[in-house]
Protein chains: 2
Amino acid sequence: MRAVVVETPGDVDALTIGQIDTPVPGQGEVLVRTVASGVNRADVLQRQGHYPPPRGVTDTIGLEASGVVAGVGDGVTRWKEGDEVVALLAGGGYAEYFVVPEGQAIAPPPGVDLVSAAGVLEVAATVLSNTRVGFLKAGDVFLVHGGAGGIGTFAIQYAKALGATVAATAGSPEKLQHCLDFGADYAFDYHEDWVAAVKDATGGADMILDIIGAKYLESNVKALKKGGRLVVIGLQGGVKGTLNLGLLLNKAATVTATSLRFRPDKEKASICQAVEQEVWPMLGDGRIRLAPETRIPFEEVRRAHEQLVGGGNVGKIVLVH
Amino acid sequence: MRAVVVETPGDVDALTIGQIDTPVPGQGEVLVRTVASGVNRADVLQRQGHYPPPRGVTDTIGLEASGVVAGVGDGVTRWKEGDEVVALLAGGGYAEYFVVPEGQAIAPPPGVDLVSAAGVLEVAATVLSNTRVGFLKAGDVFLVHGGAGGIGTFAIQYAKALGATVAATAGSPEKLQHCLDFGADYAFDYHEDWVAAVKDATGGADMILDIIGAKYLESNVKALKKGGRLVVIGLQGGVKGTLNLGLLLNKAATVTATSLRFRPDKEKASICQAVEQEVWPMLGDGRIRLAPETRIPFEEVRRAHEQLVGGGNVGKIVLVH
């Protein structure tokens with residue numbers, strides 16, 4: 001089958017289309033013919049050699065994809081050939097076929113075609129699982145950085161649907177307006193003193209969802225209120241930061257860092273089921289809207305990575321097979 | 001009434017015995033004639049001016065005490081004059097009388113006289129509440145620093161009683177033996193590579209209870225296993241530390257810092273009830289043994305602080321009235 005192959009990690013030229021063996025579904029796995037593959041920032045890191053897959057996982061890039069079931073392994077109960085699914089993967093999405101444990105394949109969201117659906121599950125699973133890690137509940141103040149990005153746009157709407165007061169940060173007037181358009185109560189320019197702005201407007205955040213890491217660590221702790229939870233899911237601003245434990249202690253606050261990819265299959269399956277039951281109805285009734293995605297042919301995978309890294313990109317990118 | 005008075009924060013000479021008004025129990029509060037006052041490290045910080053009481057709380061030092069109920073405010077249901085109690089206080093324990101919300105006064109532990117009982121509740125409440133913050137459960141690997149100290153000695157036994165595998169650090173052969181005598185499965189000298197030792201022996205800690213803070217932050221994160229929780233309750237090794245968020249993220253681990261003193265009264269009451277129901281029976285049947293305390297007359301409060309800070313002190317110090 002055709003797949004994106006990386007011989008030597010590096011820049012976009014490292015991405016080539018090659019031939020590899022079609023995978024065979026094992027016990028409890030389904031084989032899916034790919035319709036579209038979601039493109040994520042982590043894919044770029046993997047291409048560069050900075051984010052190797054978990055042990056035992058294919059080294060083909062790709063954390064999510066949509067498609068049609070083409071075969072099932074022993075013990076699979078839910079899916080049969082011809083079913084449409086979206087899947088959360090530890091790898092392998094950039095290929096003509098992929099295999100996935102059946103629990104990590106769910107129905108596409110209602111009213112969303114299979115191509116658009118390829119770019120929804122990774123974000124939905126990330127946001128849902130991490131708002132649980134951060135114990136987000138109705139009435140809480142929720143702050144998300146990168147409010148105009150894929151995770152931010154989704155998180156704003158999901159937190160609003162849970163009944164939180166939502167603040168977001170972004171870096172331009174257009175992006176701030178985007179946050180407000182998608183339901184944020186407050187949007188703050190990260191070039192200005194967003195810590196003071198968050199505290200003035202809300203009294204401080206009960207939970208912060210952060211994709212920046214080290215660079216924002218001290219500011220994030222300052223922006224928390226008593227009992228607040230900082231959940232770090234990205235390290236775009238570096239790995240090692242300064243943590244003021246005295247301030248954390250006075251606030252009885254918590255810092256957690258997690259990634260979806262390295263969780264055990266069983267946890268991923270449980271998150272996928274929760275997404276299907278809790279989030280898909282929100283897409284069905286309009287509580288959550290998807291930003292329009294950019295569709296790029298599978299063969300032009302290099303252009304997809306260029307556009308994602310370019311900075312001007314808004315919304316999701318999917319590779320169409 | 002007689003009370004320890006600090007006119008100007010400073011060294012032990014700042015502690016004098018003076019006269020202040022006897023407090024009056026308000027709604028839901030009880031007035032207690034003090035039998036003995038527990039001495040804690042936080043008292044030294046408060047004497048030095050580094051740990052002011054929460055707003056609205058007496059500036060008399062003292063976070064725990066035992067005594068006999070001498071009066072009750074409106075709405076008090078559990079206690080009446082003459083009842084023996086131990087109390088968790090936000091302040092006021094170094095005095096002839098103190099007032100306390102009735103939920104923060106509980107019966108003394110079974111088989112423990114009122115003088116010894118003065119030094120038990122603060123430690124028990126700290127250990128119980130923070131093992132809950134760290135979601136400690138049977139089968140977990142639990143690591144505590146300062147295993148020969150008051151908190152350490154108690155935490156080793158409490159974690160064993162919960163069914164955890166327990167590792168402790170300490171700084172001398174005698175103190176390491178103390179940890180083992182009180183039930184630790186492993187005791188490691190902190191002058192050596194305790195991170196490697198913990199990982200070799202146990203595979204890493206599910207929960208760490210830490211009184212050191214900044215100085216141990218990087219090592220503690222290294223010593224955690226996947227999904228591990230670091231709970232910082234003291235800052236003897238400094239306030240600002242380096243946090244490796246990449247490592248935290250790979251482990252899906254959590255750092256929390258808390259203090260008992262600044263929690264709302266309602267939470268403190270709930271912790272006290274849990275101590276009475278869960279921990280007192282462990283003292284009753286010998287699952288938890290108290291290290292012998294040092295008894296010092298109330299008038300010699302300066303000597304009590306000198307001994308606590310001296311470093312050679314083992315076990316709890318109580319002031320006898």
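Quantities reported herein were computed from a predicted structural model and do not represent experimental measurements. Numbered from 1 within each chain, the chains take letters A, B, ... in sequence-line order.
- In this structure, no portion of A:L230 lies under 4.5 Å from any heavy atom of chain B.
- Chain B forms more heavy-atom pairs under 4.5 Å with one residue of A:A253, A:G234, A:G227 than with any other, namely A:A253.
- If you measure heavy-atom distances from B:L243 to chain A, the contacts under 4.5 Å come from both the backbone and the side chain.
- Interface remark: of the candidates B:A252, B:A257, B:A214, B:A257 forms the most heavy-atom pairs closer than 4.5 Å to chain A.
- Going from atom CG of A:L247 over to atom NZ of B:K240 covers 9.0 Å, rounded to the nearest 0.5 Å.
- Residues A:V239 and B:N244 meet the side-chain proximity criterion, which asks for heavy atoms closer than 4.5 Å.
- In this structure, NZ on A:K251 lies 15.0 Å from OG1 on B:T258, to the nearest 0.5 angstrom.
- When all heavy atoms of A:I233 and B:L249 are compared, the closest pair comes out as C-CD1, 4.0 Å.
- Using a 4.5 Å cut-off on side-chain heavy atoms (C-beta onward), A:V255 and B:L248 make contact.
- Taking CG of B:L245 as the start and CD1 of A:I212 as the end, the distance is 12.0 Å to the nearest 0.5 Å.
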